[in-house]
Participant: 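Got a structure for you, written out below as structure tokens; questions coming shortly.
FYI, the numbering just counts along the sequence from 1.
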Amino acid sequence: MEIWLCGNTNPNKAARALLAVMEKAGAPHFPFPYQPYPIQEQFMQALYGALEHGKVGIFESPTGTGKSLSLICGALSWLRDHEEKRRQEADRLLQGDGGTSLSISSSLSTTTSSTPPSSSAEPDWITDFVQKKAERDFVSKLKDEELRRKKRVEHLEMIRNNSQLKYALKRKSCEDDEAVKLLQLSKDPQEEVLNNPEEELIVAEYESDDESKTKHKFGGGDDDEDDLVEEHVTKIYYCSRTHSQLAQFVHEVQKSPFSQDISLVPLGSRQNMCVNEEVRRLGSVQRINDRCMEMQKNKHDQRSKEVEDGKRKRSVSKAVCPYVGAQGLQTLRDAVLGAVRDIEQLLSLARETRSCPYYATRLAIPPAQLVVLPYQTVLHEGTRRASGVQLKGQVLIIDEAHNLSDVLSCIHSSELTGAQLCRAHSQLAQYSERYRSRLKAKNLMYIKQILFVVEGLVRVLGGMVGQNPHSQTTQPATELLTINNFLFKAQIDNINLFKVQRYFEKSMISRKLCGFIEKFAGTGVTSHTQTSHTQTQSANKENRRTEGLNRYLQTLQSSQQPDTESPPGQQGAAEDRELAASPMMQVEGFFMALTNTNTDGRVVLHTLGSVAVSSMKFLLLNPAVHFSQVLKDCRAVIIAGGTMQPVSDFKQELLFSAGVGAERIIEFSCGHVIPPENILPIVLCSGPSGQELEFTFQNRDTPRMMEETGRVLSNLCNVVPGGVVCFFPSYDYSRRILEHWEASGVLARLSSKKKIFQEPKKANQVEKVLNEFSRTIQRCAVDGGTLSGALLFSVVGGKMSEGINFSDDLGRCIVMVGMPYPNIKSPELKEKMAYLDKNLPHSGGRSPGQALVENLCMKAVNQSIGRAIRHREDYACIVLCDRRYSRPATLAKLPDWIRAHTHTHTSFGPAFAGLRRFFMEKKKQQQL
């Protein structure tokens, strides 16, 4: 294990060895927009070494220390040097005088060292021939690579020197044809529509369970793709959690010295990147995806459709997206590579040029040097493959990674409601019935298997298919099962889900079903005029089938049970899922989840009064199983964050479990750029009246504990200027304590000193509350008067505990009430603890399950208290109101830059005196 600590004068042996190697090779030069802080230089040195030696690095740098810029300059400096070394090596091998053959032989022996030596029984002339042929092939490959590299450089220079991209209009038609082929590879293959308007909805013939034999039927083999897909250059993939964080990173790249030389591609979902207003108005991710795919398919179907319209004199034509054209995509692709733009800037350009940024950015991935993308795109294998992201031999930087384990578990978990299952069963049954005579035997067999499995899943929830799920009642209960036990309970253990999952993937039945619903769910089928009585009867029969589907869909969408309630915040999400165009896609995701190893996951069954709102959720217990391939493919992986402590469970659960050896892991942690006197962390063990502060589940609801907490806040508000942010451990406790304070007059006393704000219930109201909070503090600073600022009540893990900057006067004091332990009675958490206890080693006298609970608590605390100090000149006080924070094991899990200055006070008086002195000194400094 290699540990790099800022200011550490005694690094361990492994770290000293690596530093010595780097010093011998010569310290790299890091271009920087200004004179970097010493910790930024150390950060970039450590990052450069990790990338150069193919390490997995855990990098912690507090917000306000320039972490993003250090990542950019350190990583891009390595990329620049790496490409230069490769170019020089190629030149040496191709143009060296006298030693070329020897150098090539040496390079060949290095690249083929893993292959067994040839038999000594072969004649020398054969060995010599093989060696010379290998040398010729190697030289030819080097020449091809150098030629492609020069073409890429020339192409980029042409783009950057011609901002209007006029040369794009003069390109040869063959380049346009290549763009069409690339675009076809970037989306799911579709069959050509013949003379039947419903031909597109029919699943192609599925003749074999062997994956290798189905490639030709459902999208071609890999050889064809290899011929068309452009080669990927060495690149850095940077991913973060939110759209705004990615945009902020791109803005930092624009301010960096590399802004004119780097080819950056921002990736996003269709929901974020679509510029077709008709599609954007659909709202939900699933509807936007489905509509986009349908419009791309319509584009290829348009020619044959026009012929049909001529024959049948129909004036209705299918909608085609006007933003997807080969010429426009190539132009926008070049614009993306030619200048650094964030998604908003890219969208503006796309609207001007009427080109699709979603597909243009996917085409720009291979030649790009820096790709900026969200977590989901890079951490989920299917999404990664569909987006054209290739990690083999590349660098991956995962920022804001403090919750990486949870993110991986969430991405690979899946949930289904009873309403979704019933809708999926009805849709697929209607589809099968309508096209029974046109579906091949294999297709019918797999469709029957899918229907059988879905029927079993509904039965597990206590319902039956074919009936309104809202009218089927169930007893409220929660049950947790292993995957195998769940399959037995549903009586589907005799179905090979791996083959079914392969059928989903190759046949694209979910998308076919989506098109079927889009076509017929609404006004029903309007049959064409038939001359034959038999044909008329057949058409009427088809109308009756589809009318039944329409009635069922309308029933599901309109039927609501007044006595069933969804938890706050989940009702909208549940409705969105239920109204998705194709619930079969959610079913497909759940099927995939069930193919995990029995020990790696659990299924949680929640029955909530009716089948419609009851649900089943797959819970992934071992996120390392999906992260291991990423670690294996990448040259180096950098896991960075402002607060990575505690990292012990992180390494055990994600790295060691994924097969990463301790020798490949580097840890780097640095302090803050603020002076030590600008931060005052306090552990408060008791309140003003001497009441001990320990917010256990048994104590926290007592009136004396709530009153004492009110006295603490009241005293703090008397001396703290500007803004005070108080975090409660949960929404429920926040509601109860505020109700008590309102009744006892505590809120009235607090409001006489600070204007009171509360975290809003709806996410779209957060910005409004923060703006008013900020305006109040600014107004109080100017006007004076009785109010000295504002007090904001928030919740740990809520809408304001991450990603919000309470800098300067907005957050002069952060108060943490109690310790936000997760609910250990949650079946999901109990199962996770049991899994860790069984599969991970015990250490420090605590089981891995207990360590998980404590680490989850302290990670949440660290994120919340890190909201205050945001830049070098900032200052704040952090008050941890609970005596349990004084335990050495708990203090050790605070960030280094906070823990080093933390003061523990057993009584309130000395703590209050120190806090008052802290702010008086800051006031004097400001006056000077």
Participant: Test side-chain contact (heavy atoms from CB on, under 4.5 Å) on Tyr875 and Phe918 and set out the steps.
Facilitator: CA-CA 10 Å; Tyr875 65 92; Phe918 175 80; 4.1 Å; yes
Participant: I'd like to know if the side chain of Glu694 pairs up with that of Thr696 as donor and acceptor (distance under 3.5 Å, no hydrogens or angles considered).
Facilitator: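 On atom types as modelled, these side chains do not qualify, holding no pair under 3.5 Å.
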Participant: Just jot down the side-chain contact (heavy atoms from CB on, under 4.5 Å) partners of Pro257, sequence neighbours excluded, or say none.
Facilitator: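 In terms of side-chain contact (heavy atoms from CB on, under 4.5 Å), with neighbours along the sequence ignored, Pro257 is linked to Pro31, Pro33, Cys73.
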Participant: Got a sec, which residues hit side-chain contact (heavy atoms from CB on, under 4.5 Å) with Gln850, two or more places apart in sequence or on another chain?
Facilitator: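 Counting only residues at least two positions away or on another chain, Gln850 forms a side-chain contact (heavy atoms from CB on, under 4.5 Å) with Arg846, Ser847.
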Participant: Between Tyr733 and Phe728, how do the two ring planes meet: parallel, tilted or perpendicular, split at 30° and 60°?
Facilitator: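 It falls in the perpendicular class, over 60°.
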Participant: Excluding sequence neighbours, so at least two apart, what forms side-chain hydrogen bond (donor to acceptor under 3.5 Å, both in side chains) with Gln652?
Facilitator: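 So Gln652 forms no side-chain hydrogen bond (donor to acceptor under 3.5 Å, both in side chains) with any residue.
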Participant: Does any part of the side chain of Phe32, heavy atoms only, come nearer than 4.5 Å to the side chain of Leu69, both counted from C-beta?
Facilitator: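 The answer is yes; the side chains approach within 4.5 Å.
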Participant: Sequence neighbours excluded, which residues qualify as side-chain contact (heavy atoms from CB on, under 4.5 Å) partners of Glu41?
Facilitator: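 side-chain contact (heavy atoms from CB on, under 4.5 Å) check on Glu41 returns Gln35, Pro36.
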Participant: Under the rule for side-chain contact (heavy atoms from CB on, under 4.5 Å), what residues qualify as partners of Arg887, not counting sequence neighbours?
Facilitator: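 Here the qualifying residues are Met819, Tyr821, Arg884, Thr890.
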Participant: I'd like to know whether CZ of Arg916 has more than 12 heavy-atom contacts from other residues, nucleotides or ligands below 6.0 angstrom.
Facilitator: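 Not more than 12 within 6.0 Å, no.
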Participant: With no hydrogens and no angle check, do the side chains of Tyr731 and Glu759 hold a donor and an acceptor under 3.5 Å apart?
Facilitator: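 Tyr731 vs Glu759: donor-acceptor pair found between side chains.
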Participant: Is the CD atom of Glu677 crowded by more than 12 outside heavy atoms at less than 6.0 Å?
Facilitator: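 Enclosed.
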Participant: For Asp633, check side-chain hydrogen bond (donor to acceptor under 3.5 Å, both in side chains) against everything at least two apart and list the hits.
Facilitator: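 Scan of Asp633 (side-chain hydrogen bond (donor to acceptor under 3.5 Å, both in side chains), adjacent residues dropped) gives Gln629.
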